[in-house]
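Order of the sequence lines fixes the chain letters, A, B, ..., with proteins taken first and strands second; residue numbering starts at 1 for each chain. Keep in mind it's a predicted model, so treat the numbers as computed, not measured.
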Number of protein chains: 2
Amino acid sequence: MTTERRRPGRPHRDRPLLTRPAILAAALELVDEAGIGALSMRRLAGRLDVDPMSIYHHLPNKAAIVSGLVGTVYSTMAPVPVDGPWAERVRAWARAYRDLALAHPNLVLQIVTDSVAASDAAVLISEPLYAAFDAAGLAPPDVVNAAGALVDFVNGYALAGAAAPVEGDPMGERLDALPPDRIPTMRRVHAAVAREPAERDFFSSGVEIIIRGATALAAGATGR
Amino acid sequence: MTTERRRPGRPHRDRPLLTRPAILAAALELVDEAGIGALSMRRLAGRLDVDPMSIYHHLPNKAAIVSGLVGTVYSTMAPVPVDGPWAERVRAWARAYRDLALAHPNLVLQIVTDSVAASDAAVLISEPLYAAFDAAGLAPPDVVNAAGALVDFVNGYALAGAAAPVEGDPMGERLDALPPDRIPTMRRVHAAVAREPAERDFFSSGVEIIIRGATALAAGATGR
DNA sequence: ACCTGAACACCGTTCAAGT
DNA sequence: ACCTGAACACCGTTCAAGT
């Protein structure tokens, strides 16, 4: 009935107790459940039932764990169609990237930061988006600018969605608390929207704005 | 010649040694110089030549220091014209907000996160942007969507600019390091841009895309 | 009211010691 | 090669004690 005490030394197994995937899986669970602040080497080790220092034999440091986590999440991005109407492919890419980010709200900050730091994994997932804007007939600089604008928009959106999950009408309450004369337009506009909610959601509208803006920009650049 | 030793007790002055603004100013210096990771109560106290615990008499905790910092930065946003062509006002707002964020690269993450968490200060600065899109004649839902898309874009852009300051052609090198068959479009597009750099910078293009997209969306919604 | 200093419960990481 | 455990240099914050 005595709890077995772990002893140092190489484990007598053909397979080691600890593996990189097992560590990352436990870390992702921890972050999903308790937030990025709860991810510490000691807590993670506790969850794996192992000495904190054992982890360092598989991942060099905590930063490597976090970027490993982000890489794992990138690898779950849903596939995007490689043919069909280009605008539909842009929409599909935006949805897939957003879903990836929002699947792990506690990791959004790291996902977004890594995406803008342009790690290999982050660069790779952008290819279908470039291909879609390229298929639209945009000139190379326009492809880069349109894809960048869309990525930045989704990054900003994901950050907002994760930081301030919407319940009821928090924006309305917040606006009511501020001095009316400082934000007349915001109050009026928000009141109008509250009376008659928009038929298209905020995310889709942002994507549509960028799709139409990119085509307009390209048309204008080539002389209309 | 002996360095004077600090003694506990209320200081015999008409003005206290420590004030909230003095603490925030020292904290901002610390963050600007050494990064957000260098901001600790002990280091900050050292810089103020004070016991770490003294700070807690002016700010309740470290989180309050960080949000105080963000608030200070918001308060430095350059004014945006309240009349003139609406698109020009949108451009001016975007530049002012971007400049605010990039003025303190080590604080960008906090600025952006706070902006999406919609603190009072973050809401207040958006009023001129709403006013500009309202002046453009957009319907209320379109105003909200266009302003949101622009804010999210600039947030994403600022994050990218701070996380990966561009030197030389890092994107080109990164693309060269990846398997060519995985990113054919990105390679081709980037090579074309490298040969003939775009005349308009990435940030301005993003803003322009959103301005044009918003007007196109509004025109389409009203039946044309 | 405002400042100090010891103490508590944590961190990430290095290093030597086990098998 | 892989796991352990003590140790080092940090954290944020509470609490009692000074004036």
[X] vs [N]: side-chain N/O to OP1/OP2 distance below 4.0 Å:
| X | N | answer |
| --- | --- | --- |
| Ser54(A) | dT4(D) | yes |
| His58(A) | dA1(D) | no |
| Tyr56(A) | dT13(C) | yes |

Starting from [atom2] on [N], measure out to [atom1] on [X] and report it in whole angstrom.
| X | N | atom1 | atom2 | value |
| --- | --- | --- | --- | --- |
| Met41(B) | dT14(D) | CE | P | 10 Å |
| Leu59(A) | dA1(D) | CG | P | 18 Å |
| Ile55(A) | dT14(C) | CD1 | P | 14 Å |
| Leu44(B) | dC10(D) | CG | P | 17 Å |
| Lys62(A) | dC11(D) | NZ | C1' | 12 Å |
| Asp51(A) | dC15(C) | CG | C1' | 13 Å |
| Leu48(A) | dC2(D) | CG | P | 16 Å |

Note to self: When you compare the side chain of Tyr157(A) with that of Leu102(A), does any pair of heavy atoms fall below 4.5 Å?
What the structure shows: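 Yes. Closest side-chain heavy atoms under 4.5 Å.
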Checklist line | Close side-chain approach of Val144(B) and Phe133(B), heavy atoms under 4.5 Å | finding: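 Side-chain contact under 4.5 Å: no.
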Check: Does Arg42(A) or Pro52(A) map to a spot on DNA chain D nearer the 5' end, using the closest nucleotide for each?
Finding: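 Final value for this comparison: Pro52(A).
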Notebook entry, point to check: For DNA chain D, whose closest nucleotide is more 5', that of His57(B) or that of Asn61(B)?
Noted result: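 This one resolves to Asn61(B).
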Checklist line | Aromatic plane relationship, Phe153(A) with Phe203(A) - under 30° parallel, 30 to 60° tilted, over 60° perpendicular | finding: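 Judged by the thresholds at 30° and 60°, the geometry between Phe203(A) and Phe153(A) is parallel.
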Item checked: Counter-base of dG12(C), judged by Watson-Crick or G-U geometry with both distances under 3.5 Å ->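 Answer to the pairing question: dC8(D), which forms a Watson-Crick or G-U pair with dG12(C).
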Next item on the list: Scan every strand shown for a Watson-Crick or G-U wobble partner of dA1(D), both distances under 3.5 Å, and answer none if you come up empty.
Entry: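 Result: dT19(C).
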Margin query: Regarding Leu39(B), tell me which of base, sugar-phosphate or nothing describes its non-hydrogen contacts under 4.0 Å with the strands shown.
Written below: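 Sugar-phosphate: the residue Leu39(B), judged by heavy atoms under 4.0 Å, touches backbone atoms but no base.
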Next item on the list: Would you check if there is a donor-acceptor pair between the side chains of Ser204(A) and Asp201(A) at a distance under 3.5 Å?
Entry: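 Their side chains do contain a donor-acceptor pair, which is all the 3.5 Å distance test asks for.
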Notebook entry, point to check: Which one, dC3(C), dC11(C), dC15(D), comes nearest to the side chain of Met53(B)?
Noted result: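 The answer is dC15(D).
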Next item on the list: Could you check which of dC11(D), dT4(D), dT4(C) has an atom nearest any side-chain atom of Arg43(B)?
Entry: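 Closest of the options to the side chain of Arg43(B): dC11(D).
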Item checked: Atom CZ of Arg182(A) with >12 non-hydrogen neighbours under 6.0 angstrom ->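 Result for CZ/Arg182(A): open.
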